[in-house]
Amino acid sequence: MLFDTPIYLAFLLLIVAVYWRLGFRQQNYFLLAASYFFYGWWDWRFLSLIAISTVVDYFCALAISRSSNSAKRRLLLSFSVVLNLGFLGFFKYFNFFAQSAHMMFAGFGIDIPKPVLEILLPPGISFYTFQALAYIVDVYFRKMEPSENFVDYALFISLFPHLIAGPIQRPSHLLPQTQSPRVFDSEKFFAGLQLICYGMFRKCVVADGCGLIANAAFEGRLGGHNLPAMLIGAYAFAWQIYGDFSGYSDIARGSAQLIGFHFMVNFRQPYLSRSLQEFWRRWHISLSTWLRDYLYISLGGSRAGEVRTYSNLMWTMVIGGFWHGANFTYIVWGFIHGIGLAAERSLVKFHLLKDRKHPELERDTLSDPRAWVSRIVLFHVVCVAWIFFRATSVTEAFRFLGGATTWQWLPEHRAAFVYLAFLAIPLFALDLLLEKRDEEYPFEKATWEIRVAGAVSASILVLMFTANQSNAFIYFQF
Amino acid sequence: MLSSTSSSSATSSGSDRPRLLRASGVLLGALVVVAAGLELAAGTVGVRSSRILSRMNTEHKSLLGFASSAAHPKTVVILGNSLLVEGVDYPAMQKDLSAAGWESRRFVVEQTGYYDWKFGLRRLTSEGCRPDAIMLMLSATQFALNSYAGPAFAYNLMRATDVVDVMQTTGIHPTEAASLLLARESIFFGLRLEFRKHLLFALVPGMNDLVPHLTPAGKPSPHAFVRAQVLRRLPELVGEAASLGQHLILAIPPVAVGDDYAADVIEGGRLTGLPVLYPIRTGDLAADQFQDGFHLNASGAQVFSKALTSAMLQQLNSMRP
């Protein structure tokens, strides 16, 4: 079920209407059934995969917690990790590795058969796999107690608002919420409704509109590959993916709040960042913190010398890139961010760049012209990386970038810039407002009348400007 | 201080709760009022504000209950898409048909193909449209299309009871079928894309220059695919029309260059006993009689309309002298 479709809104309305009439245990059973229905709506066959993974992880975590035998604990952890990554690897990466091996051997003149399987990628597998891994690892390191109740744990994995594209919830944050009664909170409920309205605006108006422009530019429909088309494509995709994923996250968080849950914030005005380090503290926060805590730190983090730190940064970002999809383009995207982060770190070390570990302490920089220079430079670095993320192959990405050497100005370029500005400026203005007022969503701290007016205005724009009714969220494919 | 799990998790104070609960009610109520207002506005101002929607609405209304009777002994309905609007000088055709004793009505829904009209025949029949003949004008490749005209199809041509059949026939997901059902029942959702287009054209300067580039050009279908689709679908269409008690005639317009696969439709018609009119062949008209290689311009339309009217009358009179 896609969040931006009438059927989802009807589903959510029904769930909320029934949910608050039930007792705590009944609520969990009801939500679990609803979440499995939500997931099975795509294809009921995918349910078996999530069910197997849930059952195995539940029992492994219990056994790990109860055992004091370190070898047995390690074996159980390995079994769970291998199973989860095995599912992910098979469904997401099998064809990629098979084709890569075929190409590599062909390079040496050896012709091996190329086994290509018709595999459907189960929606959300990357997200719920990471969430399950975080749980089993946390239990292994005794950072948390495992869930004794199977339904509570199954709900933690499959709760419908985050199931398909996150935000990736930390076990220590979400699991306790499934284990204790939720209390109806009118502020949370009201905020949830507003988050859904603004999320729809980000997705249906901004992202889907920008998507039309980005597709035209990347597919060479704006006069082929030239500088204006390259800029239009890169800018349009930057706003498309931001509107799409932040919109999804807002709808997910809003939906969760309507049923008394709280999800972590996933985006904080990322295009106002002045460095890559700051960018990753504002962009897809649930993934970047997951990668930091479960990958970067596991690799040694910054504790093993400067060179090793650079290497760890690089590996974390490359693996993070590869997590997005089975294509070299994502690896290059991760590599660009890894190189950028390592370079920034070395510049900070030699005092050539300011440390941006705590950007929240510098909120007054919106009026500082030097900060805006940094923002513009950083935005363009991020856009270059987005070109690789969006392109269907590395070759196509370089061809697209090669357009920078050709100048051609066509009437459609002007119109595309104007249309892009029409879509992106409102979102940018919203971000400035959020940054300036330190809010999670527009008018969060205003009177309720203004909050209602803001959400209704966003909804009117959604109804009037939705591009079409079947634009899947970009992150659904990951 | 930024935190990943902050503000909206903060619980409201006791005195705020009733006020915020009321605010949620006001917000939900306002959304319902907005939706109702848009639905109302769509049916009145919205339809009138667009030339296309206004035409579609008028034409659709004119078909309700349109049937042969003592007052209207010879009736014909002409269905199609933009090829019909651009390629046929309908007032002239209507006049010529009328002079020969045939009362005609036209109904054009843009971007329609085979599926739209397969289900459209059911809808129009259920609305009391029972003329002596229905002429459907599509290009040969449009008979092979697997797409349909989205919400406009649902609003104008689909019966609510056909939604499961549409889902099974076209292979769409239940999510899309549910959206179609909403578009079928709501004029705003049915025609929303057209409203959006008008708003964007009004608000964004130069949209005219951009729109043709926003939609990818469809890849030409291989001939074998088109032929197989046409030969499979025409018997289905004939069966559909027969079960509804409608007499169907097909018309194929010419294209500027290339193979329009009309021969396959003609062969399909011959095999199923379905009359196929192809009065002007591809290549018969000059390139400057087309707007874009596909749609005829005024000069091309004049030539094609005359030829089509003549072929139509011949066919109609042979059915009902």
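Just so we're on the same page: letters track the sequence lines, and every chain starts at 1.
Distance check: B:L27 CG to A:F190 CZ gives 6.0 Å after rounding to the nearest 0.5 Å. The OG atom of B:S24 sits 8.0 Å away from the CD atom of A:Q194 when rounded to the nearest 0.5 Å. Distance check: B:L199 CG to A:M464 CE gives 4.5 Å after rounding to the nearest 0.5 Å. Note that CD of B:E176 and CG of A:L2 are 10.0 Å apart. Values are rounded to the nearest 0.5 Å. Taking CG from B:L214 and CG from A:N215, the interatomic distance works out to 9.5 Å, rounded to the nearest 0.5 Å.
Of the residues considered (A:I460, A:V456, A:L193), A:L193 shows the highest number of contacts with chain B, using heavy-atom pairs under 4.5 Å. Among B:G206, B:A23, B:G37, the residue with the largest count of heavy-atom pairs under 4.5 Å with chain A is B:A23. When B:L21, B:D209, B:V26 are compared by the number of non-hydrogen pairs under 4.5 Å with chain A, B:D209 comes out ahead.
Here the closest heavy-atom approach between residue A:P6 and residue B:S179 is recorded as CD-OG, 3.5 Å. The two residues A:W41 and B:H173 make their nearest non-hydrogen contact at O-NE2, 3.0 Å. Residues A:V418 and B:P205 share a closest heavy-atom pair of CG1-CD, 3.6 Å. Nearest approach of B:P216 to A:E219, heavy atoms of both residues: CB-OE1, 4.2 Å. Summarising the geometry of A:L212 relative to B:R196, their closest heavy-atom pair is CD1-NH2, 3.9 Å, with the distance given to 0.1 Å. Considering all non-hydrogen atoms of both residues, A:L463 and B:F188 come closest at O-CZ, 3.4 Å.
Shown here is A:W20, whose CH2 atom has more than 12 heavy atoms of other residues, nucleotides or ligands within 6.0 Å. In this structure, B:K61 places its NZ atom where only 12 or fewer heavy-atom neighbours from other residues, nucleotides or ligands lie under 6.0 Å away. Annotation for B:Q111: atom CD does not count as buried by contact number, only 12 or fewer foreign heavy atoms lying within 6.0 Å.
With a 4.5 angstrom heavy-atom cutoff, A:Y8 does not touch chain B via any of its atoms. Proximity to chain B (any heavy atom under 4.5 Å) is restricted, for A:F422, to the side chain, taken from C-beta onward. With a threshold of 4.5 angstrom between heavy atoms, B:L38 approaches chain A through side-chain atoms but not through N, CA, C or O. The contact between B:L28 and chain A is made entirely by side chain atoms (from C-beta outward), counting heavy-atom distances below 4.5 Å.
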### Task
Please assess A:L222 against B:L210 for the test side chain to side chain contact (heavy atoms under 4.5 Å, CB included), listing each intermediate value before the final yes or no.
CA-CA 9 Å; A:L222 297 180; B:L210 185 60; 4.1 Å; yes

### Task
Step by step, work out the side chain to side chain contact (heavy atoms under 4.5 Å, CB included) result for B:L200 and A:F465.
CA-CA 8 Å; B:L200 284 179; A:F465 289 104; 3.8 Å; yes

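Remark: the backbone N or O of A:G223 is not paired with any side-chain donor or acceptor of B:H213 at under 3.5 angstrom. At distances below 3.5 Å, not a single donor-acceptor pair connects side-chain atoms of B:R19 with backbone N or O atoms of A:W448.
Side-chain contact between B:L20 and A:R451: present, with at least one pair of heavy atoms (C-beta onward) separated by less than 4.5 Å.
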